[in-house]
Amino acid sequence: MADQLTRDEAQDLVLVEHPARRRGPDGAPLEPPEWLAGVALVTLNRPRALNALSFALLLRLAEAVEALDADPSCGAIVITGAGTRAFAAGADVVELAAQTAESLAASPGFRGWDRVAAVATPTIAAVRGYALGGGAELALACDMLVAADDATFGQPEINLGIIPGAGGTQRLARAIGKARAMELVLTGRRVSAAEADRLGFVTRVMPASETLGAALDLAAAVAAQPAEAVRAAVAAVRAAFESPLADGIRVERDLFRALFGTPDQAEGMRAFVERREPHWRARGAIAIPPDGAS
Ligand code: CAA
């Protein structure tokens, strides 16, 4: 079974570039290369299957993103799909067809979406072409989503006799509201980038060839910010998505307080008073607990 592919086979399913290279308007790396400090690019690499998310790919994706999360030199992660036709056309339907309720519950690969969503480093999906089913769910699990004007989103699982199983019903409902999410989940209707923009679940829409470059530039802007404050902000905004308002406010307050006394807080405020640019501390161990408790 695909969960048991060898490490070498699995590694080709996901490519990691860290630090990532800046991209030109056509999406190709600039020559000579310009390195984007603190930015990692993770590419889903099954273009012939429209980057369908096999269990082996999901396992490798989770491992790659968690390794980057543990690397203090990584400040933002861009996830994209190889080729121009798809970010990911969903879970691998051929593989899914052979599953049972028990085998799915036991599959380490199926936990890939949750593992990506759980990393503390901010994640950005750069989506060209199809982001369907588990592909849309992976994009929605990222903190930001840069969509190409040729992107197509959808939750077509209902057409397979199932429902979204990697967070789609929950994240979509929270992102665009119950009535709109219900329609998309119940009909499997696909949504263009322009409609996704109107519905409010993408960060921005770009001309297709500029999408990856724009996502990497956004990641570089984030990675240049003070690391502890970035992780605190990510945890606080995620809490807005995941918890009742009162709990989210408590998380935000705890994280806000925890930043006082950090070197970057002292430097940021000192620089403001001295009317100069702040010099942020090199990325290092983050003292703030991920659940925001102080
Ligand atoms: N799983 C496995 N293989 C897939 C795939 C998927 N999700 N999506 C595409 N492929 C493969 C196709 O089988 C085909 O392979 P071959 O060339 O070997 O035949 C190749 O990718 C190209 O695809 P098509 O020939 O179908 O390309 P197209 O342009 O005619 O159609 C498409 C593109 C509309 C995206 C169509 O491929 C499609 O509908 N794919 C399935 C989408 C889907 O149902 N996704 C949800 C999966 S279930 C899920 O994700 C559950 C969950 O919530 C976790």
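Note that this is a predicted model, so its numbers are computed, not measured. Starting from 1, each residue takes its place in the sequence as its number. Both ligands and their constituent atoms are indexed starting at 1 by order of listing.
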Is [atom] close to the protein, meaning a heavy atom under 4.0 Å from it?
atom                    : value
atom 8 (N) of ligand 1  : yes
atom 18 (O) of ligand 1 : no
atom 36 (C) of ligand 1 : no
atom 12 (C) of ligand 1 : no
atom 29 (O) of ligand 1 : yes
atom 21 (O) of ligand 1 : yes
atom 45 (N) of ligand 1 : yes

Tell me the closest heavy-atom pair linking [X] and [Y], and the distance in Å.
X      : Y      : value
Thr80  : Ala126 : OG1-O, 2.9 Å
Pro164 : Glu137 : CB-OE2, 3.2 Å
Ala40  : Cys74  : CB-SG, 3.9 Å

Can you name the atoms of ligand 1, numbered from 1 with element, that are less than 4.0 Å from a heavy atom of [X]?
X      : result
Arg48  : 20 (C), 21 (O)
Glu137 : 52 (C), 53 (O), 54 (C)
Ala49  : 4 (C), 9 (C), 10 (N), 11 (C), 21 (O)
Pro164 : 53 (O)
Trp113 : 54 (C)
Pro156 : 43 (C), 44 (O), 45 (N), 46 (C)
Gly133 : 46 (C), 50 (O)

Would you check if [X] and [Y] make a side-chain contact, meaning some heavy-atom pair closer than 4.5 Å?
X      : Y      : answer
Ile176 : Leu184 : yes
Arg46  : Ser54  : yes
Trp280 : Glu228 : no
Val251 : Phe256 : no
Ser73  : His18  : yes

To the nearest 0.5 Å, what is the distance between CG on Asp264 and CG on Leu259? 9.0 Å
Rounded distance (nearest 0.5 Å) linking atom CG of Leu53 with atom CZ of Arg60: 14.5 Å
Protein heavy atom at shortest distance from [atom]:
atom                    : answer
atom 23 (O) of ligand 1 : Leu50 CD1, 3.6 Å
atom 50 (O) of ligand 1 : Gly134 N, 2.7 Å
atom 38 (C) of ligand 1 : Leu132 CD1, 4.8 Å
atom 1 (N) of ligand 1  : Val93 N, 2.9 Å

If you apply the rule side-chain hydrogen bond (donor to acceptor under 3.5 Å, both in side chains), what do you find for Asp69 with Thr121, and how did you get there? CA-CA 6 Å; Asp69 191 41; Thr121 308; 2.5 Å; yes
Pick one of side chain, backbone, both or neither for how [X] approaches ligand 1, counting any non-hydrogen atom pair under 4.0 Å.
X      : answer
Asn159 : neither
Ala89  : both
Ala52  : side chain

Can you check whether Phe201 and Phe153 have ring centres sitting under 6.0 Å from each other? yes
Test your reading of the structure: does Gly165 have an N or O sitting under 3.5 Å from an N or O of ligand 1? yes
Any N or O of Ala91 that comes nearer than 3.5 Å to an N or O of ligand 1? yes
Positive for side chain to side chain contact (heavy atoms under 4.5 Å, CB included) with Leu44, one of Leu58, Leu13, Leu138: Leu138
Any idea which of Arg190, Arg46, Glu157, Arg85 brings a heavy atom closest to atom 51 (C) of ligand 1? Glu157
Let me check something: do Ile158 and Leu132 share a hydrophobic cluster, defined by ILVMFWY side-chain heavy atoms less than 4.5 Å apart, either directly or through other members? no
